[in-house]
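Index from 1, following the sequence. Owing to the predicted nature of the structure, the values given are computational and were not obtained by experimental measurement.
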Amino acid sequence: MASLDETDIEILRLLSHNARRTITDIAEEVDMSGPAVADRIDRLQEAGVINRFTVDIDRTQLKAGAQVFVQLNPGDSFDQLRARLDESDAVEHVMVTAGGELWFNARVEVHNVNPWIRGLLKPAENTEYTVTLIDEIEWQPSIDGTDFALTCVECGNTVDSEGESEWIDDRMYHFCCSTCQHQFKDQLNQLKEGV
């Protein structure tokens, strides 16, 4: 998929505010037919721009505990801890910093925060972490001011209409040209072979 046009961006904006919005409603907003909108949404999913449709649950209505924000340095246990965070029902968002730290927010019982975290981090018991109790949190999805051009995974250039996209190991990758595509695949194969 090449860079996104204004209609794609408007469809993304509408879906970001309400992922359950009907195709018919979106089609009316962008002045297109329903099948044309459905095709664009399918292409956005295939290109990896839309990864999933989700629900924003207000857990305060469920009385699901206190909101905490945790920052931890996983050291050599990054993959193991990341998997544990992804599997935990209490963890709502996981962020990976450029420095390799894991930050996440979760809902837990206030009097059980540290025992819960120690249990979660059990495979890496010496991991240092900080916990902040959050008073209020609000999610405001926005795509305003975002540049939606796809970036070549190999060289970082913008992928235009002459670019290539390919599924590799259950993930969509985008390339600005066939040379970058071949270089990336060659390097990936070398890594798989243990070179």
Side-chain angles (χ1 to χ4, degrees), residues 1-59 69 78-79 82-83 85-89 91-106 137-189 191-192:
M1 177 172 201
S3 59
L4 306 181
D5 64 20
E6 290 179 16
T7 303
D8 292 325
I9 293 171
E10 181 63 14
I11 290 170
L12 290 171
R13 187 186 67 74
L14 293 167
L15 288 172
S16 72
H17 290 288
N18 181 359
R20 293 188 65 194
R21 196 171 207 146
T22 67
I23 299 286
T24 303
D25 184 38
I26 295 171
E28 288 175 14
E29 291 281 335
V30 298
D31 196 29
M32 293 181 75
S33 70
V37 168
D39 181 58
R40 282 183 180 247
I41 291 172
D42 288 345
R43 284 188 296 119
L44 290 167
Q45 285 180 281
E46 289 170 8
V49 175
I50 296 175
N51 292 316
R52 61 189 172 121
F53 295 92
T54 187
V55 176
D56 181 23
I57 298 171
D58 182 355
R59 293 180 187 260
F69 184 73
F78 179 91
D79 292 334
R82 174 66 194 261
L85 294 175
D86 289 343
E87 293 168 2
S88 174
D89 288 337
V91 174
E92 295 179 351
H93 299 93
V94 177
M95 294 144 275
V96 178
T97 70
E101 292 183 344
L102 289 168
W103 295 1
F104 64 93
N105 71 302
I137 191 167
E138 183 178 336
W139 182 60
Q140 297 179 338
S142 174
I143 60 171
D144 295 338
T146 304
D147 183 6
F148 275 100
L150 299 177
T151 304
C152 178
V153 71
E154 177 66 19
C155 71
N157 287 337
T158 300
V159 178
D160 60 20
S161 60
E162 296 180 19
E164 303 283 340
S165 294
E166 181 177 347
W167 284 97
I168 302 172
D169 295 332
D170 297 325
R171 184 172 173 197
M172 176 67 77
Y173 292 93
H174 307 285
F175 307 95
C176 65
C177 62
S178 59
T179 302
C180 283
Q181 182 180 18
H182 293 300
Q183 286 176 348
F184 181 84
K185 288 171 68 174
D186 288 347
Q187 289 174 2
L188 188 63
N189 288 334
L191 286 172
K192 287 179 179 178

Practice item. Heavy atoms only: give me the nearest Val91-Ala106 pair and the separation to one decimal. Key: CA-CB, 3.8 Å
Point to revise | Interatomic spacing from CD in Glu28 to OG1 in Thr24 - rounded to 0.5 Å | key: 7.0 Å
Review point. With a 4.5 Å limit on heavy-atom distance, are the side chains of Ile23 and Ile41 in contact?
Key: yes
Check your understanding: Heavy-atom count around Asp86 CG within 6.0 Å, excluding the residue itself: above 12?
Key -> yes
**Study point:** Heavy-atom closest pair, residues Phe78 and Gly100
**Key:** CD1-O, 3.8 Å
Point to revise | Short side-chain to backbone donor-acceptor contact, Asn105 and His93, under 3.5 Å | key: yes
Check your understanding: Measuring from Gln181:CD to Ile168:CD1, what's the distance to the nearest 0.5 Å?
Key -> 7.0 Å
Practice item. Of all the heavy-atom pairs spanning Asp25 and Thr22, show the shortest one and how long it is. Key: N-OG1, 3.0 Å
Check your understanding: Looking at Cys152 and Cys180, what are the two nearest heavy atoms and their distance?
Key -> SG-CB, 3.7 Å
Study note, to complete from the structure: Distance col, row Thr7:OG1 vs Leu12:CG, nearest 0.5 angstrom, shows 11.0 Å
Point to revise | Non-hydrogen side-chain atoms of Leu14 and Val30 separated by less than 4.5 Å | key: yes
Exercise for review: Please say which of Arg40, Glu29, Glu6 ends up in a side chain to side chain contact (heavy atoms under 4.5 Å, CB included) with Ile11.
Suggested key: Arg40
**Study point:** Option from Leu85, Thr97, Val96 for which side chain to side chain contact (heavy atoms under 4.5 Å, CB included) with Trp103 holds
**Key:** Thr97
Review point. Do NZ/NE/NH1/NH2 and the carboxylate oxygens of Arg13 and Glu10 come within less than 4.0 Å?
Key: yes
Exercise for review: Step by step, work out the side chain to side chain contact (heavy atoms under 4.5 Å, CB included) result for Leu44 and Leu15.
Suggested key: CA-CA 12 Å; Leu44 290 167; Leu15 288 172; 5.9 Å; no
**Study point:** N/O donor-acceptor pair under 3.5 Å between Asn189 side chain and Lys185 backbone
**Key:** yes
